[in-house]
Peer 1: 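Please read through the structure below; I'll follow up with questions.
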Amino acid sequence: NWLKRNKRFHIYFTLTSALCLNMVERFFRVLSEQRLKRVVFKSVKDLTKVVEEYIEHPNDNPKLFIWAATINYI
């Protein structure tokens with residue numbers, strides 16, 4: 001009933017294990033850890049600038065990933 005009265009709100013059902021959601025969550029985790037953690041922003045403009053700079057330069061400092069695990073079949 002509430003949704004019928006408030007037409008501007010929509011409900012979308014997605015799988016919690018959806019691959020696209022996992023990638024979005026991963027992006028925001030890395031953004032939070034690398035750019036936002038322990039930083040105090042004095043304005044929304046400052047925060048927006050940092051996020052936009054992060055989006056523009058995601059691979060400025062790439063790190064090589066080397067798989068180190070072994071698989072033993074018994």
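In what follows, every heavy atom counts, from backbone to side chain, and hydrogens, waters and symmetry copies are set aside.
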Peer 1: Taking the side chain as C-beta and beyond, is there a heavy-atom pair between Leu36 and Tyr54 under 4.5 Å?
Peer 2: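 In short, these two side chains do not touch, never coming nearer than 4.5 Å.
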Peer 1: Please name the pair of heavy atoms, one in Lys37 and one in Glu33, separated by the smallest distance, quoted to 0.1 Å.
Peer 2: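 Scanning both residues, the minimum pair turns out to be CB-O, 4.0 Å.
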Peer 1: Does the side chain of Val39 come within less than 4.5 Å of Phe41's, by heavy atoms?
Peer 2: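 Side-chain contact under 4.5 Å: yes.
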Peer 1: Group every Ile, Leu, Val, Met, Phe, Trp and Tyr by side-chain heavy-atom contacts under 4.5 Å, then state whether Leu64 and Val30 land in the same group.
Peer 2: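 Looking at the clustering, Val30 is in a separate group from Leu64.
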Peer 1: If you count heavy atoms of other groups shown closer than 6.0 angstrom to CZ of Phe27, is the number above 12?
Peer 2: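 Atom CZ in Phe27 is crowded, with more than 12 foreign heavy atoms closer than 6.0 Å.
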Peer 1: Working to the nearest 0.5 Å, report the span between CG of Leu3 and CZ of Arg8.
Peer 2: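 Between Leu3 CG and Arg8 CZ, I get 12.0 Å after rounding to 0.5 Å.
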Peer 1: How many angstroms lie between CD in Glu53 and CG in Asp60, if you round to the nearest 0.5 Å?
Peer 2: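 Taking CD in Glu53 and CG in Asp60, the distance rounds to 10.5 Å.
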Peer 1: Working to the nearest 0.5 Å, report the span between OG1 of Thr48 and NZ of Lys45.
Peer 2: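 If we round to the nearest 0.5 Å, Thr48:OG1 and Lys45:NZ are 10.0 Å apart.
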Peer 1: Do Val40 and Val50 land in one hydrophobic cluster if side-chain heavy atoms of ILVMFWY residues count as linked below 4.5 Å?
Peer 2: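 In one cluster with Val40: Val50, no.
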